[in-house]
Amino acid sequence: MTRPTVTPPGSGGEEAVNALLAHILNRLDQDKAEEIVAIDLRGKSAMADHMVIASGRSTRQVSALTDHLVESLKQELGRSARIEGKNAGDWVLIDAGDVIVHIFRPEVREFYQLEKMWLPEVAETPARMA
């Protein structure tokens with residue numbers, strides 16, 4: 001039995017999803033996140049269309065990246081996002097609906113290696129945003 005396709009609230013189709021992804025990538029880049037990776041989840045998972053993984057150099061930067069991204073989503077796109085893990089500052093998950101964002105401290109990111117789980121064919125050299 002196939003699962004029905006569920007469009008999260010606020011989703012306006014492919015163009016809106018692409019705009020959301022571009023906004024997230026730009027915001028993280030502007031705020032000096034490191035090793036930003038975007039993973040296309042379409043056809044792989046029903047939870048979101050894209051996953052973004054990025055690193056902050058410290059718990060303080062992970063927290064600041066989270067605050068800036070969530071605030072910009074609200075102010076510039078009118079989107080609210082759910083946040084998990086911000087108090088610890090090691091690994092923060094931001095659920096923006098069509099895009100799931102993981103922001104890690106480098107050591108924690110290396111330990112969990114989400115890229116290897118979602119990009120097994122290029123696990124050794126995932127495509128990274130310059």
Side-chain angles (χ1 to χ4, degrees):
M1 174 183 251
T2 60
R3 292 179 76 171
T5 302
V6 177
T7 304
S11 178
E14 189 76 23
E15 190 173 304
V17 172
N18 290 339
L20 174 62
L21 177 62
H23 178 85
I24 289 169
L25 293 173
N26 288 331
R27 179 82 260 165
L28 290 170
D29 186 50
Q30 288 174 5
D31 287 342
K32 308 293 187 225
E34 298 179 345
E35 299 188 54
I36 302 167
V37 177
I39 302 171
D40 189 341
L41 296 179
R42 292 172 293 185
K44 296 179 185 176
S45 174
M47 71 178 166
D49 289 338
H50 298 278
M51 179 186 303
V52 173
I53 303 172
S55 295
R57 291 180 300 279
S58 65
T59 56
R60 175 177 255 165
Q61 188 187 23
V62 168
S63 214
L65 288 166
T66 300
D67 288 342
H68 292 165
L69 179 57
V70 170
E71 186 62 26
S72 75
L73 288 170
K74 185 176 182 180
Q75 294 298 318
E76 298 173 34
L77 300 181
R79 278 188 172 254
S80 59
R82 291 183 293 267
I83 305 167
E84 294 289 333
K86 183 175 176 261
N87 291 339
D90 290 331
W91 174 4
V92 177
L93 176 116
I94 302 167
D95 182 351
D98 298 309
V99 181
I100 304 295
V101 181
H102 297 273
I103 305 175
F104 290 98
R105 278 189 317 104
E107 305 81 30
V108 178
R109 182 176 180 171
E110 179 62 31
F111 181 80
Y112 286 102
Q113 299 184 10
L114 288 184
E115 291 98 331
K116 286 188 179 183
M117 182 185 315
W118 291 100
L119 293 170
E121 65 278 359
V122 291
E124 296 304 314
T125 56
R128 299 191 186 272
M129 185 176 168

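Distance check, rounded to the nearest 0.5 Å: CG of Leu41 to CD1 of Ile100 gives 8.0 Å. Annotation: the span from Leu93 atom CG to Phe104 atom CZ amounts to 8.5 Å, rounded to 0.5 Å. Here the NE2-CD1 distance, from His102 to Ile39, works out to 8.0 Å after rounding to the nearest 0.5 Å. In this structure, CD on Gln30 lies 11.0 Å from CG on Leu69, to the nearest 0.5 angstrom. Distance check: Arg60 CZ to Ser58 OG gives 7.5 Å after rounding to the nearest 0.5 Å. Distance check: Lys44 NZ to His50 NE2 gives 11.0 Å after rounding to the nearest 0.5 Å.
Checked options Ile24, Ile103, Ile53, Leu28; the residue passing with Ile36 is Leu28 (criterion: side chain to side chain contact (heavy atoms under 4.5 Å, CB included)). Looking at Glu35, Arg105, Arg109 one by one, the single match for side-chain hydrogen bond (donor to acceptor under 3.5 Å, both in side chains) with Ser55 turns out to be Arg109.
Ala96 and Ala81 make their closest contact through CA-CB, 4.2 Å (heavy atoms, listed as atom of the first residue, atom of the second, distance). Gln61 and Lys32 get closest at one heavy-atom pair: NE2-O, 3.1 Å. Summarising the geometry of Ala48 relative to Gly97, their closest heavy-atom pair is CB-O, 3.8 Å, with the distance given to 0.1 Å. Across every non-hydrogen atom of Thr59 and Ala88, the tightest pair is CG2-O, 4.0 Å.
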- Message: Let's go through Asp95 and Val101 carefully: what are the C-alpha distance in whole Å and the side-chain angles of both, what is the deciding distance for side chain to side chain contact (heavy atoms under 4.5 Å, CB included) to 0.1 Å, and is it a yes or a no?
- Response: CA-CA 6 Å; Asp95 182 351; Val101 181; over 6 Å; no
- Query: Where do Asp98 and Arg79 land on the salt bridge (Lys or Arg N to Asp or Glu O under 4.0 Å) test, with the steps shown first?
  - Reply: CA-CA 11 Å; Asp98 298 309; Arg79 278 188 172 254; 3.1 Å; yes
- Message: side chain to side chain contact (heavy atoms under 4.5 Å, CB included), that's the test. Do Asp40 and Asp49 meet it? Break it down for me.
- Response: CA-CA 6 Å; Asp40 189 341; Asp49 289 338; 5.7 Å; no
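Follow the hydrophobic side-chain contacts under 4.5 Å out from Ile83 and you reach Val62 in the same cluster.
Remark: side-chain polar atoms of Asp31 are not paired, donor with acceptor, to backbone N or O of Ala33 under 3.5 angstrom. Here the side chain of Gln75 pairs no donor or acceptor atom with the backbone of Ser72 at under 3.5 angstrom. Between the side chain of Asn26 and the main chain of Ala22, a donor-acceptor pair closer than 3.5 Å is present. Listed for the Arg82 side chain is no donor-acceptor partner under 3.5 Å among the backbone atoms of Ile94.
The environment of Gln113 atom CD is dense: over 12 non-hydrogen atoms of other residues, nucleotides or ligands sit within 6.0 angstrom.
Between Arg42 and Glu14 there is a salt bridge, since at least one side-chain N of the basic residue sits less than 4.0 Å from a carboxylate O of the acidic one.
By the ring pair (Phe, Tyr, Trp, His ring centres under 6.0 Å) test, Tyr112 pairs with Trp91, sequence neighbours left out.
In this structure, Lys74 and Val70 have side chains that are not in contact, with every pair of non-hydrogen atoms separated by 4.5 Å or more.
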